[in-house]
Amino acid sequence: MAQYYLSHLEELEAEAIFVIREVVSQFEKPALLFSGGKDSIVLAHLSKKAFYPSRIPFPLIHIDTGHNFPETIAFRDELVKDLGVQLIVGSVQKSIDDGKVREETGANASRNALQTVTLLDTLEENKIDAAMGGARRDEEKARAKERFFSHRDEFGQWDPKNQRPELWNLFNGKKHMGEHFRVFPISNWTEMDVWQYIQHQNIALPSLYFSHQRDCVVRDGVILAKSDFIQLKPNEEIKNLTVRYRTCGDMPITGAVESDADDLDKIIAEVATTRTTERGTRADDKRGETAMEDRKKSGYF
């Protein structure tokens, strides 16, 4: 009798596709939260595989802060065109203009926290009852607490002490009117898993992830890209460095790493030896010991 074995990556892929299909079967209006980063790109690829040869049966939602890397936006638009899916864009700038949020000022100003209001408004306006995202448990301690199906109350808030059991991959998507779920199909993946899967599946990525020359400023140990959104502090200077990005967010808060890894083999070798988590390069996570969990409780991704 022939025996059938799944590799580690094949098991993770099968699990993620199962979760994605479960979302579509349980919810009326699901969507995929798309940042243009590698995890959401992998999630879009998995969604394509889950329903092939049909098109992905839900829209992609991007919360646009206005401070994105140009490379990310260009890649997003090209991918959406290639997939033939609907793109819904929530604008943080519109939230600011409408007086719903107040923009931060000063050298360390960021629009990261402002995304929460825009995200919740976008989900409500489009009646989204399940928003899938590419968060993984290995990224950060608050995300390590998440279940696959993360229940959010009528205010979009998350209670880490009141989560539903998920025994034997049985997911409970029942909710009251006004509530919704965030769902994380690649929760069990590691950064290494993501990179090896990208290599195995030959998935295209924004050029940011590969080594390149860029004008940067080093602030509190974080290498930030020079941009119109960053106000230099006294004694700070612009340096041209050879860098790449491990995670993709807003320009004022996403830190680069000095690296000559210009292909997937080099990136995988680099990730295998690093002792810093990819979120360790994010300036927004350095605002406090519980910065991520506080944002999640208020309705953040």
Engineer: Of all the heavy-atom pairs spanning Cys248 and Gly36, show the shortest one and how long it is.
Structural biologist: SG-O, 4.5 Å
Engineer: How far does CZ of Phe171 sit from CD of Glu22, to the nearest 0.5 angstrom?
Structural biologist: 7.0 Å
Engineer: Between Gly134 and Asp39, what is the shortest heavy-atom contact and its length?
Structural biologist: O-CB, 3.3 Å
Engineer: Are any side-chain N or O atoms of Glu236 and backbone N or O atoms of Lys233, one a donor and one an acceptor, separated by less than 3.5 Å?
Structural biologist: yes
Engineer: Go through the steps to decide whether Glu13 and Phe18 satisfy the test side-chain contact (heavy atoms from CB on, under 4.5 Å), and finish with yes or no.
Structural biologist: CA-CA 9 Å; Glu13 178 189 69; Phe18 171 78; over 6 Å; no
Engineer: Is the backbone of Gly66 close enough, under 3.5 Å, to the side chain of Asp64 for a donor and an acceptor to pair up by distance?
Structural biologist: yes
Engineer: Could you state the interatomic distance from CG (Asn112) to OG (Ser110), rounded to the nearest 0.5 Å?
Structural biologist: 4.5 Å
Engineer: How far does CG of Asp265 sit from CD of Glu270, to the nearest 0.5 angstrom?
Structural biologist: 12.5 Å
Engineer: Is there a donor-acceptor pair under 3.5 Å between the side chain of Ser40 and the backbone N or O of Gly37?
Structural biologist: yes
Engineer: Any chance the side chains of Gln199 and Asn202 put a donor and an acceptor closer than 3.5 Å?
Structural biologist: no
Engineer: Any chance the side chains of Arg214 and Asn240 put a donor and an acceptor closer than 3.5 Å?
Structural biologist: no
Engineer: State plainly whether the residues Asp77 and Lys81 are in salt-bridge range, i.e. N to O under 4.0 Å.
Structural biologist: no
Engineer: Less than 6.0 Å separating the ring centroids of His62 and Phe34?
Structural biologist: no
Engineer: Taking the side chain as everything from C-beta on, heavy atoms only, tell me whether Ile73 gets closer than 4.5 Å to Arg76.
Structural biologist: yes
Engineer: Quick one: does Asp263's side chain get under 4.5 Å of Ile267's, heavy atoms only?
Structural biologist: no
Engineer: Side chains of Phe51 and Phe58: does their closest heavy-atom pair fall under 4.5 Å?
Structural biologist: yes
Engineer: Whether the Lys49 and Gln201 side chains hold a donor-acceptor pair (N or O, under 3.5 Å, no angle test) is what I'd like checked.
Structural biologist: yes
Engineer: Are the side chain of Asp129 and the backbone of Phe27 linked by a donor-acceptor contact shorter than 3.5 Å?
Structural biologist: no
Engineer: Taking all non-hydrogen atoms of both residues, which atom of Tyr245 and which atom of Gly255 are closest, and how far apart?
Structural biologist: CD2-O, 3.6 Å
Engineer: Any salt bridge between Arg111 and Glu104, counting N to O under 4.0 Å?
Structural biologist: no
Engineer: Would you name the heavy atoms of Ile17 and Leu46 that are closest together and state the gap between them?
Structural biologist: CG1-O, 4.0 Å
Engineer: Is the backbone of Asp250 close enough, under 3.5 Å, to the side chain of Thr254 for a donor and an acceptor to pair up by distance?
Structural biologist: yes
Engineer: May I ask you to decide if Asn68's main-chain N or O and Thr72's side chain share a donor-acceptor pair within less than 3.5 Å?
Structural biologist: no
Engineer: Looking at Leu119 and Ile63, what are the two nearest heavy atoms and their distance?
Structural biologist: CA-CD1, 3.7 Å
Engineer: Going from CD1 on Ile20 to CG on Leu32, what distance comes out if it is rounded to the nearest 0.5 angstrom?
Structural biologist: 7.5 Å
Engineer: Consider side-chain hydrogen bond (donor to acceptor under 3.5 Å, both in side chains). Of Thr122, Asp121, Thr118, which one does Ser95 pass it with?
Structural biologist: Thr118
Engineer: Checking Arg21 side chain against Ala50 main chain: does a donor-acceptor pair fall under 3.5 Å?
Structural biologist: yes
Engineer: Is the closest side-chain heavy-atom distance between Tyr197 and Glu10 below 4.5 Å?
Structural biologist: no
Engineer: Under 6.0 Å between ring centres: does that hold for Phe149 and Phe184?
Structural biologist: no
Engineer: Is the shortest heavy-atom distance from the side chain of Ile88 to the side chain of Leu60 under 4.5 Å?
Structural biologist: no
Engineer: I need the minimum non-hydrogen distance between Lys48 and Leu83, along with the two atoms involved.
Structural biologist: CD-CD2, 3.8 Å
Engineer: Does Asp193 form a side chain to side chain donor-acceptor pair (under 3.5 Å) with His8? I'd like the steps, not just the answer.
Structural biologist: CA-CA 9 Å; Asp193 293 329; His8 174 64; 3.0 Å; yes
Engineer: When you check the side-chain N and O atoms of His180 and Asp153, is any donor under 3.5 Å from an acceptor?
Structural biologist: no
Engineer: So, Thr190 and Asp138: side-chain donor and acceptor under 3.5 Å apart, yes or no?
Structural biologist: no
Engineer: Without placing hydrogens or testing angles, list every side-chain donor-acceptor pair under 3.5 Å for residues 203-211, not counting sequence neighbours.
Structural biologist:
from   : atom 1 : to     : atom 2 : distance (Å)
Tyr209 : OH     : Lys38  : N      : 2.7
Ser211 : OG     : Ser259 : O      : 2.7

Engineer: Does the side chain of His151 pick up a donor-acceptor pair with the side chain of Gln163 at under 3.5 Å?
Structural biologist: no
Engineer: Got His45 and Ile41 here, is their nearest side-chain heavy-atom distance under 4.5 Å?
Structural biologist: no
Engineer: Among Arg137, Arg182, Arg152, Arg136, which residue meets the salt bridge (charged side-chain N to carboxylate O under 4.0 Å, His left out) test with Glu146?
Structural biologist: Arg152
